[in-house]
Amino acid sequence: MSIDVFIKNFAEQFDETELSIFCPELVFRDIDEWSSLTALSVIAMVDDKYGVRLTGDDISISKTVEDIYNIVESKLDHK
Amino acid sequence: MTKNPFSLEGKRVLITGASSGIGKVIAVECASIGADVVITGRDESRLNSTFLSLPQGNHGQIVADFQKSDDISKLVEALPKLDGIVHCAGVVKTIPFSFMDVNDLNFVLNINFTVPVVLSSLSLKMKKLIKGASIVFISSISGVYCSFIGNSLYSGSKGAVNGIVKGMALDLASKDIRVNSITPGMIDTDFIRGGIISDEQIQIDKKKYPLKRYGRPEEVAYAAIYLLSDASKWITGSNLLIDGGYTLN
């Protein structure tokens with residue numbers, strides 16, 4: 001699993017945000033477009049692409065894109 | 001002793017989805033107010049724990065997995081004559097509409113709409129519902145009055161329930177069988193915990209209710225009891241909204 005691909009998949013859940021701002025350190029809640037729907041979309045994307053179930057609490061304890069990536073990675077390790 | 005029109009004394013009622021959540025509480029409350037209940041659910045040990053928590057009465061339990069059509073016909077065959085059914089079995093699938101596929105749609109529609117409809121129809125065909133019986137569907141505000149982000153499949157299934165209730169009520173009136181629904185707002189059960197919605201979001205959501213909390217399963221049970229009882233003899237094709245004022249906003 002590569003973080004670059006993850007960031008690309010993450011960025012695809014947004015319609016209006018510039019692709020260039022997405023990086024591991026990005027605090028995703030600061031994106032104007034971030035909403036409860038994007039949170040659900042990230043959860044659905046991770047389920048689709050990685051076969052991992054994130055919970056709402058996984059998203060709420062995360063700050064950056066990398067934090068979510070790390071949770072996905074650790075859940076993949078435990079599969 | 002004076003007659004209590006709200007009592008379920010002498011009535012036998014089938015409750016689906018009785019191994020947990022709203023269904024479990026409805027089973028216990030119906031039995032407390034005098035009904036003999038037949039409970040059904042998928043998980044044998046959880047269903048048995050509901051069975052053991054029922055107050056005294058002539059109760060029964062039948063394990064059935066509603067994802068298997070064989071289980072549904074076997075359940076109906078095994079049923080005694082009924083004065084009522086409460087359809088509580090249901091699933092939630094929170095997924096943004098753009099991510100859904102036909103399997104998700106079929107899964108939600110099947111458990112929330114098709115199965116309770118087929119179960120009602122089979123019960124009629126096999127003469128399990130007596131004259132004067134009452135069928136109650138636990139629907140939702142979601143799909144009838146409003147919806148929620150990521151909840152379109154669930155909303156679709158519940159909207160369908162409220163639609164068919166009206167048609168069933170018309171067709172079954174000649175048999176003196178009544179059909180009604182209940183549309184609760186969010187009810188505090190394990191259903192909503194540990195899932196896609198975070199605890200933080202739940203706390204924020206509760207504040208949107210004018211009565212400042214989610215509903216309690218008993219509060220849905222009391223409405224089901226009313227619709228099963230002789231107190232509602234002239235009510236059919238109707239819907240009871242129980243939402244702490246949520247849809248007023």
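So you know, we letter chains A, B, ... as the sequences are listed, proteins then strands, and number each from 1.
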Check your understanding: Heavy-atom count around A:E12 CD within 6.0 Å, excluding the residue itself: above 12?
Key -> yes

Check your understanding: Can you say whether A:L40 sits under 4.5 Å from chain B via the side chain, the backbone, both, or neither, judging by heavy atoms?
Key -> both

Practice item. Calculate, to the nearest 0.5 Å, the distance between atoms CG and CG belonging to B:D101 and A:D48 respectively. Key: 8.0 Å

Exercise for review: Report, as yes or no, whether the 6.0 Å neighbourhood of atom CZ on A:R53 holds more than 12 heavy atoms from other residues, nucleotides or ligands.
Suggested key: no

Practice item. Nearest 0.5 Å please: distance from the CD1 atom of A:I43 over to the OG1 atom of B:T94. Key: 9.0 Å

Review point. Is it true that atom CD of B:E44 has more than 12 heavy atoms of other residues, nucleotides or ligands lying nearer than 6.0 Å?
Key: no

Point to revise | B:R46, CZ: over 12 other non-hydrogen atoms inside 6.0 angstrom | key: yes

Check your understanding: In terms of heavy-atom pairs under 4.5 Å, which option from A:A44, A:A39, A:S35 contacts chain B the most?
Key -> A:A44

Practice item. Answer yes or no: is there a donor N or O on one side and an acceptor on the other, between the side chain of B:D199 and the main chain of A:D57, under 3.5 Å? Key: no

Point to revise | Engaged part of A:L54 at the chain B interface, taking heavy atoms whose separation is under 4.5 Å | key: backbone

Review point. Do other residues, nucleotides or ligands put more than 12 heavy atoms under 6.0 Å from A:D32 CG?
Key: no

Check your understanding: Which pair of heavy atoms, one from A:Q13 and one from B:F99, lies closest together, and at what distance?
Key -> OE1-CZ, 3.2 Å

